[in-house]
Amino acid sequence: MSKNSKPAAQVPPYLETLNPEQQEAVLHSGSPLLILAGAGSGKTRVITTKIAYLIRDRGMDPRSILAVTFTNKAAREMADRARIIEPRAGDAMLRTFHSFGAWFLRRNGSVLGLNPSFVIYDDDDTVSLLATLMGDSSRAEVKHTAHLIARAKDYFLNPDDPELDIIEHRSSFRKTYARYEERMLQIGNVDFGDLIKKPVEALRVSPELAQRFRDRFRVILVDEYQDSNVAQFELLKALCGPETYVCVVGDDDQSIYRFRGAEVRNILEFPDRFPGTEIVRLERNYRSTAPILDLASSVVDHNEGRLGKKLRSERGPGKTPTLAFLPDQDSEVAFCAELIGQSVSGKTSRYSDWAVLYRTNAQSLGFETEFLRRRIPYRVVGSLKFYEREEVKDALALLSFLVNPRDEVAFRRVVNKPARGVGAATVDRIVLEASAGMFAGDGGLGLSQDGLEGDLAAASRRVLSSLSAKAKAGLETFLSAVEGARTLLSGDGPGGEDDGGGSASDPESPKTKSKKGGKKKEAAPDLRGGVGLSACVVRLVQDAGIAEYHLAHDEIAGNQRIANLQELANAASLYPAGEEGLLEFLEHVELDRSMEQDEGVDDAVTLITLHNTKGLEFPRVIMTGLEQGVFPRDDKKGDDLEEERRLFYVGATRAMDELYITSCAQRRLFGRTQPTQPSLFLHEITPDAVRIIGSCPYGFTPTEQPPADRSSGMVPNRSGPINGQAKRSSDGRWQVGDRVFHDDYGYGAVTNIREGDDGPVIQVGFETGREVRFLSEFQSSRFMKIQADDF
DNA sequence: TAGTTTTAAGTTTTT
DNA sequence: CTTAAAACTA
């Protein structure tokens with residue numbers, strides 16, 4: 001309704017399929033723009049089209065466009081879709097806030113004294129560092145403090161900021177925060193919060209830098225703006241000059257990241273902060289049928305303090321959502337499996353049409369084991385377990401230390417792993433020596449001139465001579481491992497050709513997979529080093545003894561540690577050799593942990609937390625665990641409760657055609673079964689917006705009985721056929737070819753048996769392709785022999 | 001001091 | 001019930 005008043009006539013053809021509001025949003029120019037986009041209103045389409053339009057019809061240089069999102073998934077999707085409309089969109093900068101911050105700091109961090117080869121500390125690393133600063137404090141206390149520091153950075157608060165009291169008023173916190181910052185600066189690494197906060201500081205410190213960026217980015221688009229925090233707002237402000245075109249997109253009803261500093265006021269007050277803002281509302285929902293939207297709205301309507309908007313379904317009537325009351329979580333899992341199984345075998349849907357939503361990651365376990373048992377293919381989204389594994393973190397610590405020898409956290413983690421006689425006392429001495437080197441006024445060696453400040457490798461060498469023989473030898477092993485990898489990394493040096501490490505320029509990784517040499521007790525585990533970086537990773541992991549260390553554990557517990565290390569090395573092979581490539585790899589690992597585990601399974605049910613569903617859609621959705629204490633969590637009230645309610649809204653509006661909600665009468669928590677109350681949100685649903693099945697708790701009236709023919713099948717008893725016959729597991733000996741079922745790995749067959757030190761070791765090949773070795777007569781609860789006809 | 005056993009604690013949600 | 005931290009022993 002403004003300057004772009006007659007679109008239809010002059011609109012390019014690719015815009016004609018947009019509705020009038022969407023067109024207005026795409027064509028708008030001249031003033032800041034706030035797009036209030038309800039769920040399923042074609043928001044991503046508008047942004048991608050707008051990018052394409054700016055390039056194609058407004059003659060914008062793609063490189064002058066910056067679009068930021070909150071998740072890597074969203075960034076990728078946006079890039080893909082924009083490129084389809086306009087190939088040159090590939091040159092625009094489409095990144096997450098954090099990835100943009102890292103990109104920025106690598107190039108411009110020097111104005112703050114930051115070395116370009118910094119490593120990004122994750123939450124665990126910051127806790128480790130903080131622990132060294134907080135000496136006698138308990139682990140919980142350290143974690144809490146780490147959280148407060150992260151929060152402070154979200155709010156763009158420094159240790160000396162008066163407003164820091166909002167976060168924590170105790171003065172001891174200020175001191176700890178200050179010491180943490182100081183230590184971080186010495187180490188030369190950054191945490192997540194720094195990726196946002198430091199760019200703002202850099203832009204403020206250097207007006208020339210700010211001007212350069214304002215000249216470069218003429219257009220800035222922000223997606224999911226309702227989840228931005230104060231620091232991100234400051235970054236946006238700092239990047240914007242008077243000429244910059246700003247467009248933010250969001251939905252206040254979908255703000256679900258308050259807990260990590262998201263500030264809804266950013267979107268509520270955007271028009272005040274950016275004078276002259278125009279607002280476009282997208283209120284036509286193309287995703288869900290009307291009954292689904294009715295249900296979602298009836299709950300979120302209970303929130304106060306929203307901008308208020310009315311979503312209309314463009315799809316019209318549909319199936320009434322179903323609310324199932326179930327006795328316990330086992331029934332809930334069975335209910336979902338049954339529902340999906342019947343629908344798929346009845347050919348009314350595919351597995352990939354379905355998504356199971358839950359509040360906490362821990363809830364996925366039950367679904368995983370039952371789906372494995374029933375052979376329902378599934379995909380768990382966003383479980384970042386891989387990078388949290390001990391062996392993977394060890395390998396990454398080695399690589400981090402290689403890049404930044406001042407990295408105390410990484411050093412402490414791996415210098416004495418496996419045990420080499422370098423104990424805590426020795427490590428403390430080295431750390432002290434390193435920091436002494438920083439301030440040493442003794443001109444004796446001129447230590448602080450050539451970049452050796454805080455260098456733990458250099459400090460180690462300095463103390464070597466004064467150590468015991470054992471510690472000295474151990475430390476030398478470690479140092480030479482790192483040194484060897486450094487040579488391999490930088491010089492493409494000839495590197496030992498011993499172990500298939502291969503030259504870094506080997507064009508393809510040989511697929512000559514042989515059996516793992518089992519019998520021999522030789523030390524070197526069979527890791528293969530493929531191309532480029534991965535050769536370096538393998539070399540380092542082997543030389544430093546990490547591979548050997550974890551191989552020992554594999555034999556005992558039947559774990560996958562060596563395989564995981566191999567997987568990490570494989571991931572590294574995607575990056576070029578050399579320090580540049582290594583930095584890229586590490587940054588990717590820290591910033592994008594979503595493993596693309598689409599291993600061939602194309603038709604699979606999605607298991608996902610409610611938070612992770614943002615931006616996604618599925619034909620059929622099951623929201624589980626609608627009980628007080630689970631969803632919402634019991635201590636939630638006020639603003640926090642409203643946020644949980646929005647989370648409900650987000651979950652429900654993911655559904656296109658069918659929505660199911662489950663609630664259990666009792667649930668196991670910490671191993672104990674406890675009675676539960678139905679979620680508050682269930683009470684808030686308009687009674688006729690939902691069809692209820694199962695036994696209703698007090699306070700709920702069934703609107704309709706379930707169809708008689710189905711109700712029995714819907715809530716089956718726990719004893720499946722497999723369970724019944726499989727119990728007699730451990731009688732008799734194992735033979736090659738025996739069928740097994742394992743709670744974690746699923747179905748498989750014994751492929752090899754051999755005598756180990758502690759009894760027979762059997763090797764099992766699972767359907768997923770994994771080969772796992774198990775020791776003797778073991779954990780029969782997780783692992784059992786089954787009969788052929790069950791299989 | 002390293003590796004084991006015992007005890008306590010804990011699950012939000014994520015870049 | 002599972003994991004991490006303290007406590008304990010060889």
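Quick note on labels: first sequence line is chain A, next is B, and so on, each numbered from 1.
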Q: Apply side-chain hydrogen bond (donor to acceptor under 3.5 Å, both in side chains) to D328(A) and S331(A), showing your working.
A: CA-CA 5 Å; D328(A) 54 37; S331(A) 319; 2.7 Å; yes

Q: Measure from the ring center of F648(A) to the ring center of H302(A) and say whether it is less than 6.0 Å.
A: no

Q.
Ring centroids only, cut at 6.0 angstrom: are F681(A) and F631(A) within range, meaning strictly under it?
A. yes

Q.
Just the rounded figure in Å: distance from P of dT14(B) to NE2 of H147(A).
A. 13 Å

Q: Quickly work out the R151(A) CZ to dT13(B) C1' distance and round it to whole Å.
A: 12 Å

Q. Quick one: F192(A) CZ to dT14(B) C1', roughly how many Å, whole number?
A. 8 Å

Q.
Is the ring pair F217(A)/F100(A) parallel, tilted or perpendicular, if the boundaries are 30 and 60 degrees?
A. perpendicular

**Q.** Nearest to side-chain heavy atoms of N416(A), which nucleotide of dT15(B), dT14(B), dA2(B)
**A.** dA2(B)

Q: Please determine, for the side chain of R633(A), which listed nucleotide (dT14(B), dT15(B), dT11(B)) has the closest atom?
A: dT11(B)

Q) When the distance from CG of L607(A) to P of dT13(B) is rounded to whole Å, what number comes out? A) 15 Å

Q | Stems formed with participation of DNA chain B [Watson-Crick or G-U wobble, under 3.5 Å, three or more pairs] | A | B:1-10 with C:1-10

(Q) Classify F70(A) by what it touches in the nucleic acid, base, sugar-phosphate, or nothing, heavy-atom distance under 4.0 Å. (A) sugar-phosphate

Q.
Under 4.0 Å, heavy atoms only, any strand: does D122(A) hit a base, just the sugar-phosphate, or nothing?
A. nothing

Q.
Please tell me if N361(A) has a side-chain N or O lying less than 4.0 Å from either OP1 or OP2 of dT13(B).
A. yes

Q) Do any side-chain nitrogens or oxygens of R139(A) fall under 4.0 Å of OP1 or OP2 in dA5(C)? A) yes

Q: Let me know, please, whether A362(A) or H98(A) comes out on the 5' side of the other along DNA chain B by nearest nucleotide.
A: A362(A)

(Q) Stacking between dT13(B) and F259(A), yes or no? Criterion: centroid separation under 5.5 angstrom, plane angle under 30 degrees. (A) yes

(Q) Nearest whole Å is fine: how far is dT2(C) C1' from Q363(A) CD? (A) 16 Å

Q | Side chain of A419(A) (C-beta onward), nearest among dA5(C), dT15(B), dA2(B) | A | dA2(B)

Q: Rounded to the nearest angstrom, tell me the gap between atom CZ in R668(A) and atom C1' in dT11(B).
A: 15 Å

**Q.** Upstream residue (5' side of DNA chain B) when F97(A) and T426(A) are each assigned their closest nucleotide
**A.** T426(A)

Q | All side chain to side chain donor-acceptor pair (under 3.5 Å) counterparts of E587(A), not counting sequence neighbours | A | R106(A)

Q. Given atom NZ of K614(A) and atom C1' of dT15(B), what is their separation to the nearest angstrom?
A. 11 Å

Q. Do the rings of Y575(A) and H588(A) sit parallel, tilted or perpendicular, given the 30° and 60° boundaries?
A. tilted

Q | Whether F367(A) and F371(A) hold their rings parallel, tilted or perpendicular, with breakpoints at 30° and 60° | A | perpendicular

Q | Side chain of T360(A) - closest among dG10(B), dA2(B), dT13(B) | A | dT13(B)

Q.
For N404(A) and F118(A): C-alpha separation, side-chain torsions, deciding distance, then whether side-chain contact (heavy atoms from CB on, under 4.5 Å) applies.
A. CA-CA 7 Å; N404(A) 180 4; F118(A) 60 81; 5.8 Å; no

(Q) Below the 4.0 Å mark, does dA5(C) have OP1 or OP2 next to a side-chain nitrogen or oxygen of S138(A)? (A) no

Q) Quick one: D223(A) CG to dT15(B) P, roughly how many Å, whole number? A) 14 Å

